[in-house]
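Hydrogens, waters and symmetry mates play no part in the numbers below; they use all other heavy atoms, side chains included.
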Amino acid sequence: MSKESTQNHQRYTITAALPYTNGPIHIGHLAGVYVPADIYARYLRLKGHDVAFICGSDEHGVAIPMKAKKEGVTPMQIIDKYHSLIKDSFERFGIAFDNYSRTSAPVHHKTASDFFTKLHGQDDFIEEVTEQLYDEEAHQFLADRFVTGTCPRCGNPEAYGDQCESCGSSLNATDLIDPKSTITGSKPVLRETRHWFLPLDRYQDFLKEWILVGHKADWKPNVYGQVKSWIDEGLKPRAVTRDLDWGIPVPVKGGEGKVLYVWFDAPIGYISSTKEWAEREGKDWEPYWKDKDTKLVHFIGKDNIVFHCVIFPVMLHAHGDYVLPENVPANEFLNLEGQKLSTSKNWAVWLHEYLEDFPGREDVLRYTLTANAPETKDNDFTWKDFQARNNNELVAIFGNFVNRVMVLTQKYYDGKVPEAGSLQEIDRQTLEEVQKAPALIGKAIENYRFREASQQLMNLARLGNKYLADEEPWKQIKTDPERVQSIMYVAIQITAALAVVSEPLLPFTSAKLKAMLSPEKEFTPDWKAVTEAEALIPSGTVLGKAELLFSKIEDKDVSEQLEKLENTKKMNEAANKTAEPQKETSTFDDFTKMDLRVGTIIEAEKMPKADKLLVLKVDTGIDTRTVVSGIAKSFKPEDIIGKQVTVLVNLAPRKLRGVESQGMILMTENKEGKLVFVNPDEAGVTNGTIIS
RNA sequence: GGCGAGGUAGCUCAGUUGGUUAGAGCGUCGGAUUCAUAACCCGGAGGCCACGGGUUCAAAUCCCGUCCUCGCUACCA
């Protein structure tokens with residue numbers, strides 16, 4: 001039994017990762033973060049706990065103004081658009097946040113600002129001055145992505161400051177030849193800039209003690225392992241400010257023109273969102289963050305582990321007043337039909353599109369994603385599996401059982417719940433099983449095993465189906481109608497239990513079922529009642545009309561979705577085919593400066609301790625020279641020996657991992673992204689022949 | 001290259017500190033049934049637990065090595 005579940009907590013603060021408002025959200029987000037968090041929060045509420053389930057939009061960071069610029073709108077328009085789209089998707093999927101805020105809210109600006117000021121006042125930051133590119137016309141420092149220039153490696157004149165999209169190298173903006181600001185087009189200058197750093201290295205011991213010792217047993221292996229890896233590598237100070245004008249201004253002297261780094265301000269968003277909620281509800285927010293009897297749990301995806309397990313806890317710890325998270329149950333990633341979800345490649349099932357394609361089937365997606373959640377490793381979502389889960393489990397087992405009970409009750413008793421009569425052993429046993437369900441499901445949820453919880457829920461419906469099959473009321477009605485009263489009484493209690501325990505996982509279905517069971521007045525039994533109440537639905541209650549809870553998903557529905565994905569794929573391929581625009585004019589002189597020769601690879605071996613590099617010996621006709629080439633992912637050394645290639649022989653030599661590279665092999669890329677050589681069309685060209 | 005997480009039935013996954021014959025759901029095959037959305041219920045088949053060593057009376061589980069997948073990190077035309 002883990003340490004955390006044996007403790008008694010007075011209240012729970014549950015957070016779900018703040019979605020970034022530069023795009024809509026998809027099933028990966030839902031499966032990994034929001035559905036599990038929602039199940040957890042709903043479950044705790046049903047148990048009568050004091051819960052604050054907190055989320056909001058993350059609206060700062062350099063990607064927002066960049067996207068705005070690209071689309072010719074203001075950053076505000078971007079965040080407003082996606083904030084409402086995302087918020088709406090959550091609401092429609094029944095993700096029942098107590099509060100959904102946004103980091104552009106004044107309460108957040110103040111909270112984050114105060115937080116920074118407090119740490120600053122305690123000397124919890126260190127300051128450092130570095131040289132960064134500065135746009136004198138726009139009067140601002142330039143984030144790497146706001147700089148373009150000529151790639152020092154491949155000569156592509158359109159390389160970004162952080163990466164050259166032509167050759168794939170990752171760069172520093174200061175490496176670019178002839179850099180240009182994308183804001184004004186002017187040439188940026190190097191200017192000194194001061195930044196604040198959170199010295200994570202100071203907290204090495206604290207983290208070791210708190211996580212490596214304290215949470216060895218109760219944190220998930222993937223989370224624990226990743227954190228251990230970071231701590232073992234040694235933590236370094238991390239900048240918490242940026243030269244940018246979009247975000248929360250740095251509230252101390254010297255902070256003019258700078259904002260808090262988005263990853264500093266975002267997790268504080270949980271706190272501000274809690275404040276906003278407390279204010280609205282007339283509550284005090286502080287116990288939810290500062291009382292040691294509060295259990296704080298962060299639901300996130302694995303990409304956020306470092307921020308929630310290292311950086312934010314260090315911030316909270318340094319501040320001094322706050323509790324630390326008791327668990328950070330990060331999930332792995334969800335793939336879609338065998339491929340990674342990708343916002344930029346549009347390889348995703350977008351929630352707002354699902355809601356249109358499958359109206360009224362919010363629970364189906366919730367269930368499918370839960371039953372196959374990426375809890376311990378990356379998982380694959382397929383539409384075929386989605387269909388199978390719906391048709392074989394929700395329809396055939398859950399929905400069908402409920403329908404059988406409703407129809408039989410209607411048929412035999414005009415919908416009125418019969419007397420229990422004298423219960424037999426099988427009845428008592430069955431009811432006992434039903435009473436165990438909340439504990440089984442609850443334990444799974446408390447241990448963040450949502451897949452298991454979904455199966456336990458389904459097992460309760462299975463129990464009902466088996467009970468009916470064994471007792472055969474449709475046969476007994478002919479010979480022993482009194483017995484049938486008991487049977488149907490029991491079956492109805494199982495149905496009622498399903499209505500209660502399905503609420504965290506299938507809130508829409510639960511509501512529908514409750515309305516069916518108790519059309520006159522609200523159906524109120526809570527989690528505990530399933531185990532303790534004499535009867536969830538008393539005899540004499542008149543049930544409502546039988547309605548199907550779920551309907552089949554046809555092959556056609558599946559093939560339509562697959563087709564949609566195929567189209568996406570084709571569009572992506574087409575988009576990749578569009579050639580990049582022609583580069584700026586180069587003179588004949590420029591060209592003749594490059595000495596291109598035909599050469600032959602005569603030796604090739606892997607560069608030790610590097611993944612992508614091969615060390616080649618090339619016969620250039622002039623000499624035999626060493627060329628280091630980053631092609632190891634596309635070729636095995638033994639396969640390219642003897643290959644004739646094109647070599648840029650007068651490229652300035654450059655040392656790569658200690659080996660001097662004396663030239664460059666010309667490469668291009670095929671459709672699959674595999675590198676291919678650019679070489680003479682026919683054999684028999686002599687090495688050293690000039691290419692012109 | 002370093003680190004982390006995975007590798008168990010055709011598929012998706014459980015297997016608690018080593019301990020009977022390795023489990024579940026789906027799929028498949030067979031049976032039974034008709035209240036129910038041809039659904040439910042019962043049963044069978046299906047496993048070199050990635051691979052190779054080792055520790056042990058006993059290994060899916062612990063140790064060493066190798067391979068594969070994913071991630072972090074280094075390096076990168």
Problem set entry | C1'-based separation of B:U69 from B:A32 [nearest Å] | 44 Å

For this session: Indicate whether any N or O donor in one side chain lies under 3.5 Å from an N or O acceptor in the other, for A:Thr509 and A:Asp363.
Result: yes

Seminar exercise, completed: Under a 3.5 Å limit on both distances, the Watson-Crick or wobble mate of B:C40 is none

For this session: Provide the closest heavy-atom pair for A:Ser551 versus A:Asn390 in the form atom of the first, atom of the second, distance.
Result: O-ND2, 3.0 Å

Exercise. Does A:Asp378 pair with A:Lys302 as a salt bridge, N-O distance under 4.0 Å?
Worked result: yes

Exercise. For nucleotides 30-36 of chain B, read 5' to 3', which letter fits each nucleotide if B means a protein heavy atom sits under 4.0 Å from the base, S means only the sugar-phosphate is that close, and - means neither?
Worked result: ----SBB

Exercise. Will you find, in the side chains of A:Gln387 and A:Asp555, an N or O donor that is under 3.5 Å from an N or O acceptor?
Worked result: yes

Exercise. Taking for each residue the nucleotide of RNA chain B bearing the nearest heavy atom, is the 5' side occupied by A:Pro221 or by A:Ile665?
Worked result: A:Pro221

Exercise. Is the shortest side-chain N/O distance from A:Thr368 to OP1 or OP2 of B:U12 below 4.0 Å?
Worked result: no

Exercise. When the nearest nucleotide of RNA chain B is assigned to A:Gln455 and to A:Asp470 on a heavy-atom basis, which residue is associated with the more 5' position?
Worked result: A:Gln455

Exercise. What are the two closest non-hydrogen atoms of A:Leu505 and A:Arg366, and how far apart are they?
Worked result: O-NE, 3.2 Å

Exercise. Run the ring pair (Phe, Tyr, Trp, His ring centres under 6.0 Å) check on A:Phe386 and A:Phe358 step by step: do they pass?
Worked result: CA-CA 12 Å; A:Phe386 169 81; A:Phe358 296 98; 5.5 Å; yes

Exercise. Which nucleotide, B:U73, B:C40, B:A5, lies nearest any side-chain atom of A:Ala396?
Worked result: B:C40

Exercise. Choosing from B:U37, B:C40, B:C76, which nucleotide comes nearest the side chain of A:Phe550?
Worked result: B:U37

Problem set entry | Heavy-atom donor-acceptor pair, A:Arg451 side chain to A:Ala371 backbone, under 3.5 Å | no

Exercise. Do any side-chain nitrogens or oxygens of A:Asn392 fall under 4.0 Å of OP1 or OP2 in B:G27?
Worked result: yes

Exercise. Between B:C26 atom C1' and A:Asn459 atom CG, what is the distance in whole Å?
Worked result: 14 Å

Problem set entry | Pairwise P distance, B:U56 and B:G2 [rounded to whole Å] | 30 Å

Exercise. Taking any strand in view, what nucleotide pairs with B:C26 in a Watson-Crick or G-U wobble way, both distances under 3.5 Å?
Worked result: B:G10

Exercise. Does the side chain of A:Lys384 get closer than 4.0 angstrom to OP1 or OP2 of B:C26 through an N or O atom?
Worked result: no

Exercise. A:Arg449 side chain N/O closer than 4.0 Å to the phosphate oxygens (OP1, OP2) of B:G15?
Worked result: yes

Exercise. To the nearest angstrom, how far is A:Arg451 atom CZ from B:G23 atom P?
Worked result: 20 Å

Exercise. Between B:C75, B:C26, B:U73, which nucleotide has the shortest distance from any of its atoms to the side chain of A:Arg462?
Worked result: B:C26

Exercise. Where the side chain of A:Ser229 is concerned, which of B:C3, B:C41, B:G1 is the nearest nucleotide?
Worked result: B:C3

Seminar exercise, completed: A:Asn391 CG to B:A38 P, in whole Å, measures 11 Å

Exercise. In whole Å, what is the span from the CG atom of A:Asp378 to the C1' atom of B:C72?
Worked result: 13 Å

Exercise. With a 4.0 Å cut-off on heavy atoms, is A:Phe333 in touch with a base, just the backbone sugar-phosphate, or nothing at all?
Worked result: nothing

Problem set entry | Presence of salt bridge, A:Glu433 and A:Lys436, under 4.0 angstrom | yes

Seminar exercise, completed: Re B:A5: Watson-Crick or G-U wobble partner, both distances kept under 3.5 Å, found to be B:U69

Exercise. Are the side chain of A:His29 and the backbone N or O of A:His26 linked by a donor-acceptor pair below 3.5 Å?
Worked result: yes

Exercise. Of all the nucleotides listed (B:C75, B:C70, B:U12), which has the minimum atom distance to the side chain of A:Leu613?
Worked result: B:C75

Seminar exercise, completed: Taken to the nearest whole Å, CD1/A:Ile397 to P/B:G27 is 9 Å

Exercise. At under 4.0 Å between heavy atoms, what does A:Ile487 touch on the DNA or RNA strands: base, sugar-phosphate, or nothing?
Worked result: nothing

Exercise. Given the P atoms of B:C64 and B:A22, what is the spacing between them in whole Å?
Worked result: 27 Å

Exercise. When you measure from the side chain of A:Glu393, which nucleotide among B:U8, B:U37, B:C26 comes out closest?
Worked result: B:C26

Problem set entry | G-U wobble or Watson-Crick pairing nucleotide for B:C76 (cut-off 3.5 Å, both distances) | none

Problem set entry | Interatomic distance at P, B:G27 relative to B:U66, whole Å | 42 Å

Exercise. If you look at every strand shown and take non-hydrogen atoms under 4.0 Å, does A:Lys552 touch a base, only sugar-phosphate, or nothing?
Worked result: base

Exercise. Is any side-chain N of the basic residue among A:Asp427 and A:Arg483 closer than 4.0 Å to the acidic one's carboxylate O?
Worked result: yes

Exercise. Between atom CD1 in A:Ile231 and atom P in B:C72, what is the gap in whole Å?
Worked result: 18 Å

For this session: For nucleotides B:G4 and B:U17, find the distance between their C1' atoms and express it as a whole number of Å.
Result: 23 Å

Problem set entry | Gap in Å between the two P atoms, one belonging to B:A38 and one to B:G47, rounded | 34 Å

Exercise. Between A:Arg597 and A:Asp595, does at least one N-O distance fall below 4.0 Å, as a salt bridge requires?
Worked result: yes

For this session: Using the P atom as the reference point in each nucleotide, state the distance between B:A60 and B:G19 in Å, no decimals.
Result: 9 Å

Exercise. Who is the Watson-Crick or G-U wobble partner of B:C62, with both distances under 3.5 Å?
Worked result: B:G54

Exercise. Which part of the nucleic acid does A:Ser661 contact within heavy-atom distance under 4.0 Å: base, sugar-phosphate only, or nothing?
Worked result: nothing

Exercise. Is B:G47 paired to anything, Watson-Crick or G-U wobble with both distances less than 3.5 Å, and if yes, which nucleotide?
Worked result: none

Exercise. With rounding to whole Å, what would you report as the distance between B:G44 and B:U8 at their P atoms?
Worked result: 25 Å

Problem set entry | Nearest-Å distance for atom pair NZ/C1', residues A:Lys377 and B:A5 | 11 Å

Seminar exercise, completed: Testing B:G6, B:U37, B:A14 for proximity to the side chain of A:Thr376, the answer is B:A14

Exercise. Can you check whether A:Lys466 has a side-chain N or O nearer than 4.0 Å to OP1 or OP2 of B:C40?
Worked result: no

For this session: Grab the CG-P distance between A:Asn222 and B:C70 for me, whole Å please.
Result: 17 Å

